[in-house]
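Beneath this line is the structure, given in structure tokens, with notes to follow.
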Amino acid sequence: MIKQLLAPIWRFFDVIFFTISMIFINIFAFSFGNRWGFLSIAITSFLVALASELLAYQMKGGNE
């Protein structure tokens, strides 16, 4: 019962910490220059898009 109550909370914290880590990675990359920063933003955007697609696929049931 406790696990069922805490599961949504843990997912929320996972998303928050994923977002915070991506922000700090981008800030760190910009400290090396604009080119590295923009490359970091591109990679971060790709990872966020991939994660959202995997989540949508998982929530749909993965029958496709």
Side-chain angles (χ1 to χ4, degrees):
M1 183 171 143
I2 300 272
K3 286 184 180 182
Q4 291 175 346
L5 291 173
L6 292 178
I9 295 171
W10 287 122
R11 285 189 202 130
F12 176 73
F13 281 123
D14 285 341
V15 170
I16 293 296
F17 285 115
F18 177 77
T19 305
I20 290 171
S21 67
M22 290 296 169
I23 289 169
F24 281 116
I25 286 170
N26 288 329
I27 290 170
F28 179 72
F30 269 107
S31 71
F32 290 107
N34 283 342
R35 288 183 182 177
W36 291 106
F38 289 126
L39 178 64
S40 174
I41 288 175
I43 292 170
T44 300
S45 299
F46 172 76
L47 290 175
V48 168
L50 182 64
S52 67
E53 284 293 322
L54 290 175
L55 181 64
Y57 181 74
Q58 187 180 34
M59 292 192 66
K60 198 181 234 186
N63 293 331
E64 292 184 22

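No side-chain heavy atom of L47 sits less than 4.5 Å from a side-chain heavy atom of T44.
F46 and F24 end up in different hydrophobic clusters when Ile, Leu, Val, Met, Phe, Trp and Tyr side chains are linked at under 4.5 Å. The hydrophobic cluster containing F32 does not contain I23, counting ILVMFWY residues as joined when their side-chain heavy atoms lie under 4.5 angstrom apart, directly or transitively. Criterion: ILVMFWY side-chain heavy atoms under 4.5 Å apart, direct or through other members. Under it, F12 and I20 are part of a common hydrophobic cluster. Placement of V48 and L55 in two distinct hydrophobic clusters is found when ILVMFWY residues are connected by side-chain heavy-atom separations under 4.5 Å, directly or transitively. Residues L50 and Y57 do not share a hydrophobic cluster, clusters being chains of Ile/Leu/Val/Met/Phe/Trp/Tyr side chains in contact below 4.5 Å.
Applying the 6.0 Å contact sphere to CZ of F28 captures no more than 12 heavy atoms from other residues, nucleotides or ligands.
Atom CG of D14 sits about 10.5 Å away from atom OG1 of T19, to the nearest 0.5 Å. With rounding to the nearest 0.5 angstrom, the CZ atom of F30 is 10.0 Å from the CG atom of L39.
Considering every non-hydrogen atom in both N26 and I41, the closest pair reads OD1-N, 3.5 Å.
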